[in-house]
Enquirer: 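Questions regarding the structure given below will be posed in turn.
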Amino acid sequence: MQASPLDGLNDVIVPEQVAWWPLAPIWWFIIAAIAVAAILLAIKLYRDNQFKKAKRYAIAQSEAVANDSAQLHILIKRLVLHYYSPEHASAGTKEWCITLNKLTEQHFSEKELMSLYQANTAQPELATKLKAGIKQFKLKESLNV
């Protein structure tokens with residue numbers, strides 16, 4: 001009788017569990033890219049938050065002085081000073097009216113703005129428009145007026 005050729009073979013040895021650590025170099029690159037992206041996103045969110053802080057403050061203040069149109073007008077002027085330039089905030093009535101209409105998407109007339117400098121500034125309809133203008137104030141509008 002002839003011996004089987006399979007008798008000379010040993011059993012298959014199963015390899016040990018493959019370790020997942022240390023990571024392959026591509027995984028280190030992916031982890032580093034994700035970490036850099038997360039840091040850049042956090043920095044951008046922080047800067048956006050700081051950039052919009054003045055507008056949030058103006059909205060909060062507009063709630064406090066909701067019926068005083070003169071104070072609301074001052075808040076809008078302060079927003080223009082903060083986000084744009086002093087030249088825009090200190091422009092004449094006509095230029096200021098154009099700037100204000102462009103930045104707030106409201107329609108203010110020169111007569112309404114001139115009435116803010118009168119002794120009696122109790123104008124609830126103008127105060128409502130100014131308050132809406134503060135909420136809709138554009139932060140990144142180019143001003144070529």
Enquirer: Would you mind listing every ring pair (Phe, Tyr, Trp, His ring centres under 6.0 Å) that reaches into residues 89-115, with sequence neighbours excluded?
Expert: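 Qualifying pairs: His73-Trp96.
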
Enquirer: Below 4.5 Å, heavy atoms only, C-beta onward: do Leu23 and Ile31 meet side chain to side chain?
Expert: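 In short, these two side chains touch, coming nearer than 4.5 Å.
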
Enquirer: List the atom of Leu139, the atom of Lys52, and the distance in Å for their closest heavy-atom pair.
Expert: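 For Leu139 and Lys52, the tightest heavy-atom pair comes out as CD1-CG, 3.7 Å.
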
Enquirer: Quick one: does Gln136's side chain have a donor or acceptor within less than 3.5 Å of a partner on Gly133's backbone?
Expert: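 No, because the side chain of Gln136 does not come within donor-acceptor range (under 3.5 Å) of the backbone of Gly133.
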
Enquirer: With sequence neighbours left out, what residues match Gln71 under side-chain hydrogen bond (donor to acceptor under 3.5 Å, both in side chains)?
Expert: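 By the side-chain hydrogen bond (donor to acceptor under 3.5 Å, both in side chains) rule, Gln71 matches no residue at all.
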
Enquirer: If I take atom NZ from residue Lys94 and atom OG1 from residue Thr99, how far apart are they, to the nearest 0.5 angstrom?
Expert: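 Answer rounded to 0.5 Å: 12.5 Å.
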
Enquirer: I need the Arg78 CZ to Lys55 NZ distance, nearest 0.5 Å.
Expert: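 Going from CZ on Arg78 over to NZ on Lys55, the span is 16.0 Å.
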
Enquirer: Excluding sequence neighbours, so at least two apart, what forms side-chain hydrogen bond (donor to acceptor under 3.5 Å, both in side chains) with Asp11?
Expert: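 Scan of Asp11 (side-chain hydrogen bond (donor to acceptor under 3.5 Å, both in side chains), adjacent residues dropped) gives none.
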
Enquirer: Over all heavy atoms of both residues, which pair between Ala132 and Gln106 is shortest? Give the atoms and the distance, please.
Expert: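 It is CB-NE2, 3.7 Å.
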
Enquirer: Linking Ile, Leu, Val, Met, Phe, Trp and Tyr through side-chain heavy atoms less than 4.5 Å apart, which residues share a cluster with Leu41?
Expert: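 ILVMFWY cluster around Leu41 also holds Leu45.
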
Enquirer: Check the hydrophobic clustering (I, L, V, M, F, W, Y; side-chain heavy atoms under 4.5 Å; chains of links allowed) and say if Tyr117 and Ile74 are grouped together.
Expert: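 In one cluster: no.
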
Enquirer: For Cys97 and Ser109, work out which heavy atoms get closest and say how close.
Expert: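 Cys97 and Ser109 have their closest heavy atoms at SG-C, 3.8 Å.
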
Enquirer: Is there a chain of hydrophobic side chains (I, L, V, M, F, W, Y, each step under 4.5 Å between heavy atoms) that links Tyr84 to Leu75?
Expert: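 Yes, same cluster.
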
Enquirer: Distance check, rounded to the nearest 0.5 Å: Leu126 atom CG versus Asn67 atom CG?
Expert: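 Reported value, rounded in 0.5 Å steps: 12.0 Å.
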
Enquirer: Measure across Gln118 and Met114 and return the closest heavy-atom pair with its distance rounded to 0.1 Å.
Expert: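 Smallest heavy-atom distance, with atoms named: NE2-O, 3.6 Å.
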
Enquirer: What's the separation between atom OG in Ser69 and atom CG in Leu130, rounded to the nearest 0.5 Å?
Expert: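 It comes to 6.5 Å.
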
Enquirer: Looking at CD of Gln123 and OG1 of Thr128, how far apart are the two atoms once the value is rounded to the nearest 0.5 Å?
Expert: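 Gln123 atom CD to Thr128 atom OG1 measures 11.0 Å (nearest 0.5 Å).
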
Enquirer: Run the numbers on Glu112 and Lys129 for side-chain contact (heavy atoms from CB on, under 4.5 Å), then give the verdict.
Expert: CA-CA 11 Å; Glu112 286 177 327; Lys129 282 176 68 174; 3.1 Å; yes

Enquirer: With a cut-off of 3.5 Å and sequence neighbours excluded, list every side-chain donor-acceptor pair involving residues 58-65.
Expert:
unit_1, atom_1, unit_2, atom_2, d
Ser62, OG, Ile59, O, 2.7
Glu63, OE1, Lys131, NZ, 3.2
Glu63, OE2, Lys135, NZ, 3.4

Enquirer: Minimum heavy-atom separation for Ala127 to Ala66, with atom names?
Expert: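 In terms of heavy atoms, the two residues are closest at CB-O, 3.6 Å.
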
Enquirer: When you compare the side chain of Glu105 with that of Lys138, does any pair of heavy atoms fall below 4.5 Å?
Expert: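 Yes. Closest side-chain heavy atoms under 4.5 Å.
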
Enquirer: Once rounded to the nearest 0.5 Å, what's the spacing between atom CG of Leu81 and atom CD1 of Ile76?
Expert: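 It comes to 12.5 Å.
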
Enquirer: Run the side-chain hydrogen bond (donor to acceptor under 3.5 Å, both in side chains) test against Arg56 and tell me which residues pass, sequence neighbours left out.
Expert: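 Counting only residues at least two positions away or on another chain, Arg56 forms a side-chain hydrogen bond (donor to acceptor under 3.5 Å, both in side chains) with Asn49.
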
Enquirer: Each residue besides Leu40 in its hydrophobic cluster should be listed here, by chain and number; the cluster joins Ile, Leu, Val, Met, Phe, Trp and Tyr at side-chain heavy-atom distances under 4.5 Å.
Expert: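 Its cluster mates, by chain and number, are Val36.
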
Enquirer: Which residues satisfy the ring-ring contact (aromatic ring centres under 6.0 Å, His included) test with Phe51, sequence neighbours excluded?
Expert: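 Per chain and number, Phe51 pairs via ring-ring contact (aromatic ring centres under 6.0 Å, His included) with Tyr83.
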
Enquirer: How is the hydrophobic cluster of Val14 composed, in terms of its other members, when Ile, Leu, Val, Met, Phe, Trp and Tyr link through side-chain heavy atoms under 4.5 Å apart, directly or indirectly?
Expert: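 Traced through the cluster, Val14 reaches no other member.
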
Enquirer: With sequence neighbours left out, what residues match Trp28 under ring-ring contact (aromatic ring centres under 6.0 Å, His included)?
Expert: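 Counting only residues at least two positions away or on another chain, Trp28 forms a ring-ring contact (aromatic ring centres under 6.0 Å, His included) with Trp21.
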
Enquirer: Other hydrophobic cluster members with Tyr46, side-chain heavy atoms of Ile/Leu/Val/Met/Phe/Trp/Tyr under 4.5 Å, chained?
Expert: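 Its cluster mates, by chain and number: none.
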
Enquirer: Would you indicate whether the side-chain heavy atoms of Leu72 and Asp68 approach each other to under 4.5 Å?
Expert: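 SC-SC contact between Asp68 and Leu72 ruled out.
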
Enquirer: Not counting sequence neighbours, which residues clear side-chain hydrogen bond (donor to acceptor under 3.5 Å, both in side chains) with Lys111? List them please.
Expert: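 By the side-chain hydrogen bond (donor to acceptor under 3.5 Å, both in side chains) rule, Lys111 matches no residue at all.
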
